[in-house]
Structures are given as C-alpha cells and as structure tokens.
2 protein chains.
Amino acid sequence: MMRRLPNLTALRAFEAAARHESLTRAAEELNVAHPALSRQIRELEGWLGCALFNRHNRGLSLTDAGRAYRDAASQAFDLIDAATALLRPDAPAVGEQRLTLSVEPSFAQRWLVPRLGAFRALHPGVTVIVDATREAANFRRGGADLGIRYGSGPWPGLEARKLADVENFPVCAPGLTPLPGDPAGLLEMDLLLEETDLPWRAWFAAAGITLNRPLHGTRFFDASHAMDVAVAGQGVALGDTILSRDDLAASRLIRPFPQVAIYQSYNLVAPPAHFRRPAVKAFTEWALAAMAAFLAG
Amino acid sequence: MMRRLPNLTALRAFEAAARHESLTRAAEELNVAHPALSRQIRELEGWLGCALFNRHNRGLSLTDAGRAYRDAASQAFDLIDAATALLRPDAPAVGEQRLTLSVEPSFAQRWLVPRLGAFRALHPGVTVIVDATREAANFRRGGADLGIRYGSGPWPGLEARKLADVENFPVCAPGLTPLPGDPAGLLEMDLLLEETDLPWRAWFAAAGITLNRPLHGTRFFDASHAMDVAVAGQGVALGDTILSRDDLAASRLIRPFPQVAIYQSYNLVAPPAHFRRPAVKAFTEWALAAMAAFLAG
DNA sequence: AGTCGCTGTAACGGAAAGTTACATCAGAGA
DNA sequence: TCTCTGATGTAACTTTCCGTTACAGCGACT
C-alpha cells in the first residue's frame, strides 16, 4: 500500500485555517504564531500544485479545491480524534505539565499562593512551581514560563498583560504614635524600606517633597515583611491596593494620606511564545479572572 | 473545535508498522531507517498511555487497542490519500527530483550513458546528472546521490550493492602484430595503462609473473580510451567483461589469454540513507535489472 | 487620512526527527 | 548445542524543518 500523503503538519495547519477561514484564529487554536501556518500552507499548496486559499488582504477564502480538501482533512482528523479519545478518554484539557512562575515574594505570599488552590482544582494536570527568589526571571528553556512583575514596563523582548492597576501609598498601624501629620512628617519617622528606597522616593516626589538626603529606615528584602512590621506598629511601610487590602479592610493598617499615591500595575510577563503554551494560557486566563473577582469583591 | 491529536508523524509511522506488523517493512515503505519508527511509536504509546504493540523478539503484533487505533488511522489516511490524488492526479511515482551519479568515465561511456534513455523514459520526473570526473564522490548534501565503483570494497561508511561481477583481462586487436605468445610476452609489448599500473600488476600477479620493475606503456586517464587505442591496434589494454563486451563480440578485440583473469565487481555505493531516497531506489532497481538483462543477453 | 487588523516575508534559533552503529534476543538449521 | 539469521531496541550524533521574532504591506473601517 503505497500512499502519497502530504506533510501532515501542514495538512493540520491547513485544516484549522480552512475551518476558521483565518490564519490568526487557526494559529490561536493550534497555539502557534501565524507565520508558521502561513508557510506550512504555502508549502502544501506548492506540493499539491494548486491553490487552496484565495488571499484577501483581510482574511482568506477557500478555493473549490481547498473546500474539497478541507472536507476530507476534517473528516480524517475527526476520525483520529475520536479514536484517540477512546484510548485516552480522561486526558484533561491541559495535560501533565509543569508551570513555573517567577513572582515577587510579597505578591506571591499575599495574593497568589492563597489562591493557587483554586487554580490547581481547575487544572489538576498542571504542577505549579512558584519561584519567589528575587533574581530576575530567566525565561529560557528550563527557566520560568511566566513572570508576574510590578511596575510599568516596558520589558524588552517580553510581552506584558496587565493583571491589575494599583496605587502605591504609605500604610501604618492605626495605633502608631505619633501618627504622621503630613507627608513631610514621615521624614522624621521610621520608614520601612524595601531593598531599595526608590519606591518611597517616588512617592515623596508625588507628594511634592524633594529629598536631598538618603532615606533612613529599616530595609526588608520582602515588601510583605515590611508590611507585617507596619501592622505590628513598628513604622510606616509602603503598601499598595492589593498587598495591603486585607489589612486595610481589617483596620490592621490605615492609610494616613489617602490623597497621595503613585500608580503602577502588576503584569503577567513572558516571551510572546510562552503565552501560547496551554498551561500558561490557562493560568493567564485564570489569573485575570481571579484578579477581577478580587478587585470587585 | 478543540481537537486532541497525536503527533501525526508518529501516527503515520504507527499505521504503516501496524499494517505490516513489522517495523522493518514499514521503514522500507516510508523510506526511513527502522529506529526512527521504533522511537516514534514508543513515544506515541507513551502519549496515549497504552501499548499498541506486543513486542516479540522477532516481529510485532497488535494489541486490541492497537488494532482499533490502526483501523481509524488507516481510514483517515485513506481519506487524505484519496483527496490528495484528486488534486494532483498525475503525480509520477517518483516526483520532480535530481539524481546525481558519480561514475567512472569508462563505465559511464560504455555502459551507463547508452542505457540512460531507458531509465529516463521509465521515470520522467527524475533528472539524471552523470558526474564522471575522477574525483572521489562526495556524498554530502549537494554532492552525489549514488556512486558506481569498480573494485571489491569495502567502502567505509558506504553501503554497496553489487551490480555485476566481472573478469579483468588483457584485450587487443586481432590483427595486432606480433600477437603476444604468453603472458610474459606482454612485458615486451606496448601496454595501455590507466592512471595507475595497479590493475595490470594485479593481473600479472594472477598470471604468476612477478614484476621487479615498473610497467612501461602509455597512460590514459580513462580506461575507455585505452580500449579505443587497443581497438586501433596500438597495443594491449586491460578490459573487462562489461567494458569490452561489444568489442569482443564484434571481433574488434580479442582476449589472448582467456584462462587468466582477475575478478572484481561493479557496485552501487552510497551512504545507507541514500538508498532510501525514491530516486535512488528507482535507479538502483532499474540498474540491477538492466545489468541482469545485459549480462544475460 | 490615519489606524487597525490581518496576511506575507525573511532570518534566525532550537526542538524533533532521522542517521549510524551497536546491542540483544529468539528461532532456524547444521 | 552452537552458530547464523532476521528482527527490534538503545544511544549518541547530525541535520532538517518547524516555529519564533520582527517587520512590511495592504485594505477596510473609522
């Protein structure tokens, strides 16, 4: 039985593109970038010696040959799909995979980790690894799949999807004495700094205060620790809408100068290709929804 | 439409192996080496999570799951094959390809080229390029697909398929004067040498004559030229069963010492993988048949 | 007109498939 | 029983090809 079959990867690309009559949507379905499909299909047409699509500058349409070929291909793939489903009926939508997240420790501890259970329930096949070391994530093979970064970018070479806009502002325990009277008064108090004092300096700038000396205070490697210390009444930390939310709601912290804040955002960042990985796709979708729920609730 | 399809290359490997219940024969059909299939199938089984074959040390047999899967896959590929045949109905068995042959000039001129027309008629899609330079063939990409070599090997790293056994013996024009009386008499005559005198030395050794001096004579870069000169009555050349056959049959040449000959063979040689290329396969098959017909006729 | 959305092209990098060489094993046959 | 044959499995290397990014081009819709 001598068969003359086309390149089957190309055929699959064609079938998806034909079904959607769109390279972009087919690429989405197959989790690849569209030029991959563009070339596969061009080579398939070359091999067959006839055009399968009419190209319009916005979208594709099938030729008669293409329609016939798609029908056969779809049927064939349906057969394979069905037979495959019989042999591995219980395969989850996102299969056995690892998902390595590179997250700042504070965000990991205060927002992400408490909610990871929900994600894992949704996608039991995915093993989540939270890398909360402070080293910049390495997104190469063997490194992180996805990062969550605070700031406003840009992150060169990486695609960023905004997870949440946040305000950044001072927080302290309600019983802190003395309570700072105005932003300038903070300069006289114990400030709880992170690894750098840049966030605080940015906030002072927003408050209209020019600093001509380094800031004093205690430094923490983890913004979350700084806030714990603030809750304990040991000083003023820089919190944000997300990290401080529970403490503010429970009145363990207050926001002494609600009118002054700087604006940043949390972002999901990774090389563009990573966002096409099923596990990353699933996580991104879940995280955006979970964050929306969190902000709304 | 979200499908869960296996690796289609692996599926094709599996389907062929299942149809033949043999890796070896499937590899033959698909023009690949068997370990490629072995691994593809193993990975397919791993992905599916169930065995498709029972391995016996001599041959394979399908499991129940394998049988069901093969049925679906065969049907699917039949569909694709049929649809493909409709779009390119006239594709020759061996498509538009080049076939570069590295051949010794004498064999090319006296045997191969006169018969190439028959091959090209059989496989019109194949463009044959005869490289009759005397440089050793380079079988890397861009070099020769297949070589025809005289000798007895081995050719390290190359696979050899014997095209014909030949005898190697002196030939001269029937009217040559004086005709050599015995092998030793040749030493007094004009010998027509090839690039080296090694073949003649080998023949003298077979005749029981030890040479303690270099051979004298005219050297040709092409054994075929030496034989042309022999036909013209200008000396004795070393011929062989194939190269000299027509001249012997037409009595343009005679074989003065029919009892003494050395034995060599013409071989098709190439890296093993080349023999799986459709054009090489087709040529090999044709050449063996053509040679058998030549030797018989 | 300008922007947006989609497809095409090119060059590069890396994963996946194939290759060779060798090991292994069982059965056939002397 | 021992070798020989014919099959598959394993391992390391190489090459192909597939996908990626970055960018261009072209209509259609504001």
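All values reported here derive from a predicted model rather than from experimental measurement. Worth knowing before you read on, the calculation uses all heavy atoms, side chains too, and leaves out hydrogens, waters and symmetry mates.
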Peer 1: May I ask you to evaluate whether Ser38(A) reaches the phosphate of dG8(C), defined as a side-chain N or O under 4.0 Å from OP1 or OP2?
Peer 2: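 Checking dG8(C) against Ser38(A), a side-chain N or O does come within under 4.0 Å of OP1 or OP2.
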Peer 1: Give the C-alpha distance, both sets of side-chain angles, the deciding distance and a yes or no for side-chain hydrogen bond (donor to acceptor under 3.5 Å, both in side chains) between Tyr69(A) and Thr84(B).
Peer 2: CA-CA 7 Å; Tyr69(A) 209 47; Thr84(B) 302; 2.7 Å; yes
Peer 1: Around atom CD of Glu43(B), are there more than 12 heavy atoms from other residues, nucleotides or ligands closer than 6.0 Å?
Peer 2: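 Above 12, so yes.
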Peer 1: State plainly whether the residues Arg3(B) and Glu15(A) are in salt-bridge range, i.e. N to O under 4.0 Å.
Peer 2: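 Looking at Glu15(A) together with Arg3(B), the answer is yes, because their closest N to O distance falls below 4.0 Å.
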Peer 1: What I want to find out is whether Arg149(A) reaches Glu159(A) closely enough, with some N-O distance under 4.0 Å, to be called a salt bridge.
Peer 2: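 No, Arg149(A) and Glu159(A) are not salt-bridged.
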Peer 1: Does a salt bridge link Asp81(A) with Arg4(B), judged by any charged N lying under 4.0 Å from a carboxylate O?
Peer 2: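 Looking at Arg4(B) together with Asp81(A), the answer is no, because their closest N to O distance does not fall below 4.0 Å.
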Peer 1: Parallel, tilted or perpendicular: which describes the rings of His274(A) and Phe139(A), with under 30° parallel and over 60° perpendicular?
Peer 2: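 Answer is perpendicular, since the angle exceeds 60°.
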Peer 1: Is the phosphate of dG8(C) approached by Arg55(A) (side-chain N or O, under 4.0 Å from OP1 or OP2)?
Peer 2: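 Yes, such a contact exists.
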Peer 1: Check whether the aromatic ring of His34(A) stacks on the base of dC6(C), taking stacking as ring centres less than 5.5 Å apart and planes within 30° of each other.
Peer 2: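 So no, this residue does not stack on that base, at least one cut-off failing.
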Peer 1: Can you tell me if Arg276(B) touches the phosphate of dT19(C), counting only side-chain N or O atoms and a distance under 4.0 Å to OP1 or OP2?
Peer 2: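 The answer is yes; a side-chain N or O of Arg276(B) sits under 4.0 Å from OP1 or OP2.
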Peer 1: When you check the phosphate oxygens OP1 and OP2 of dA17(C), does a side-chain N or O of Asn7(B) lie under 4.0 Å from one of them?
Peer 2: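 Yes, Asn7(B) has a side-chain N/O under 4.0 Å of OP1/OP2 on dA17(C).
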Peer 1: Leu8(B) CG to dA16(C) P: how many Å, rounded?
Peer 2: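 Rounded to the whole Å, the gap is 15 Å.
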Peer 1: Fit a plane to each ring of Tyr150(A) and Tyr266(A), take the angle between them on a 0 to 90° scale, and name the class: parallel (under 30°), tilted (30 to 60°) or perpendicular (over 60°).
Peer 2: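 Tilted, since the angle between the ring planes falls between 30° and 60°.
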Peer 1: Starting at CD1 of Ile41(A) and ending at C1' of dT7(C), how long is that distance when rounded to a whole Å?
Peer 2: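 Value for this atom pair: 11 Å.
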Peer 1: Could you tell me, to 10°, how much the axis swings from one end of the helix from dA1(C)-dT30(D) to dA30(C)-dT1(D) to the other, five pairs per end?
Peer 2: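 Answer rounded to 10°: the end axes differ by 30°.
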Peer 1: What nucleic acid atoms does Ala273(B) come within less than 4.0 Å of, heavy atoms only: base, sugar-phosphate, or nothing?
Peer 2: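 Sugar-phosphate, no base atom in range.
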Peer 1: 5'-most contact on DNA chain C: Pro272(B) or Arg140(A), nearest heavy atom basis?
Peer 2: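 Looking at the nearest nucleotide for each, Arg140(A) comes out on the 5' side.
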Peer 1: Over how many whole Å does the gap from Arg42(A) atom CZ to dC6(C) atom P extend?
Peer 2: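 Atom-to-atom, Arg42(A) to dC6(C), this comes out as 20 Å.
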Peer 1: Can you find a side chain N or O atom of Gln40(B) that sits less than 4.0 Å from OP1 or OP2 on dG18(C)?
Peer 2: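 Gln40(B) to dG18(C) OP1/OP2: side-chain N or O found under 4.0 Å.
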Peer 1: Kindly state which residues belonging to residues 12-25 of chain A come within less than 4.0 angstrom of DNA chain D, counting heavy atoms of the residue only, listed by number.
Peer 2: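 When residues 12-25 of chain A is checked for heavy atoms under 4.0 Å from DNA chain D, there are no hits whatsoever.
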Peer 1: State whether Arg55(B) and Glu45(B) are salt-bridged, where the test is any N-O pair (Lys NZ or Arg NE/NH1/NH2 against Asp/Glu carboxylate O) under 4.0 Å.
Peer 2: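 Counted as a salt bridge, because a side-chain N and a carboxylate O are separated by less than 4.0 Å.
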Peer 1: Given atom CG of Leu37(A) and atom C1' of dC6(C), what is their separation to the nearest angstrom?
Peer 2: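 Nearest whole value for this atom pair: 13 Å.
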Peer 1: Would you find more than 12 non-hydrogen atoms of other residues, nucleotides or ligands less than 6.0 Å from Arg120(B) atom CZ?
Peer 2: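 No, because the 6.0 Å sphere around CZ of Arg120(B) holds 12 heavy atoms or fewer from other groups.
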Peer 1: Categorize Ala36(B) for me: base, sugar-phosphate, or nothing, with a 4.0 angstrom heavy-atom threshold over every strand shown.
Peer 2: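 It contacts base atoms.
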Peer 1: Measure the distance from CD on Glu159(B) to P on dA21(C) and round it to the nearest whole Å.
Peer 2: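 Going from CD in Glu159(B) over to P in dA21(C) covers 10 Å.
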Peer 1: Using atom CD of Glu43(B) as one end and atom P of dT10(D) as the other, report the distance to the nearest whole Å.
Peer 2: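 To the nearest whole Å, that distance equals 12 Å.
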Peer 1: Under 6.0 Å from the six-membered ring centre of Trp47(A) and within 45° of its axis: does the NZ or CZ of Arg88(B) meet both?
Peer 2: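 Arg88(B) over Trp47(A) ring: yes.
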Peer 1: Whole Å only: how far is the CG atom of Leu30(B) from the P atom of dG18(C)?
Peer 2: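 After rounding, the gap between these two atoms is 9 Å.
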Peer 1: Taking for each residue the nucleotide of DNA chain C bearing the nearest heavy atom, is the 5' side occupied by His274(B) or by Arg58(B)?
Peer 2: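 This one resolves to His274(B).
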Peer 1: In whole Å, I'd like the distance from the CZ atom of Arg277(A) to the P atom of dT20(D).
Peer 2: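 Rounded to the whole Å, the gap is 10 Å.
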Peer 1: Can you check whether Arg39(B) has a side-chain N or O nearer than 4.0 Å to OP1 or OP2 of dT8(D)?
Peer 2: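 The answer is no; no side-chain N or O of Arg39(B) sits under 4.0 Å from OP1 or OP2.
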